Amino acid sequence: MKEHKIEAIVHICELAELSEEDQQLVEAAKKATEGSYAPYSKFLVGAAARLQDGTIVTGANQENAAYPSGLCAERTALFAAGAQHPDQPVVALAIAARKGRQFLARPISPCGACRQVISGVEDRYGVPIRIMLYGTEGILVSDGISPLLPLRFVDEDMR
Ligand code: THU
């Protein structure tokens, strides 16, 4: 059996190291947590997607008494972007989470289902999405979903 090594490179930086537009997107994700409806987990997540033309579309997690019927912030934002601006590729996505007023020190990473949807949006437009996961102690930046979802299933696999 041959070993196949998979490498994933991400970057960790401070807010000030990001470009102005990326800083703005992170701030939009933080602000988006205000739209979270999380009476069950009390875990407030915000996401902000920047489109190619600069438009920012935000989302926040929406919970439901039937737990699996709720939706994460990332998919709320990406599906809203797709529905409202179908012709605009998503080029960047920032995510922020807090418990109460306090944003988390270490960033959270999108769940598996959200990673798959991010991958699908990349494939839809053929444009990699820069992902920024906000934490007060540092921001994790991934250029595209690939480092977060290696060996992913893509549209191409069905052809
Ligand atoms: N959640 C998100 O919105 N995004 C993530 O990346 C992780 C989890 C939400 C789902 C649920 O409302 C709450 O956080 C707890 O899992």
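Here, residue 1 is the first one in the sequence, and each next residue gets the next number. Bear in mind the structure is a predicted one, so any value in this text is a computation, not a measurement. As the structure lists them, so they are numbered: ligands from 1, and atoms in each ligand from 1.
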Student: Identify the heavy atoms of T58 and A32 that sit nearest to each other, and give their distance.
Tutor: CB-CB, 3.8 Å
Student: By the definition side-chain contact (heavy atoms from CB on, under 4.5 Å), identify the one residue from P128, P89, S146 that meets it with E122.
Tutor: P128
Student: Taking the side chain from Q62 and the backbone from A60, do they hold a donor-acceptor pair closer than 3.5 Å?
Tutor: yes
Student: Please output the residues near ligand 1 using a strict heavy-atom distance under 4.0 Å, listed in chain and residue-number order.
Tutor: S41, F43, V45, N61, E63, C72, A73, E74, I108, S109, P110, C111
Student: side-chain contact (heavy atoms from CB on, under 4.5 Å) for V91 and E21? Distances and angles first, verdict last.
Tutor: CA-CA 12 Å; V91 296; E21 61 174 0; over 6 Å; no
Student: What heavy-atom pair brings S41 and E63 nearest, and what distance separates the two atoms?
Tutor: OG-OE2, 2.5 Å
Student: Can you name the closest pair of heavy atoms from L71 and F79 and give their distance?
Tutor: CD2-CD1, 4.1 Å
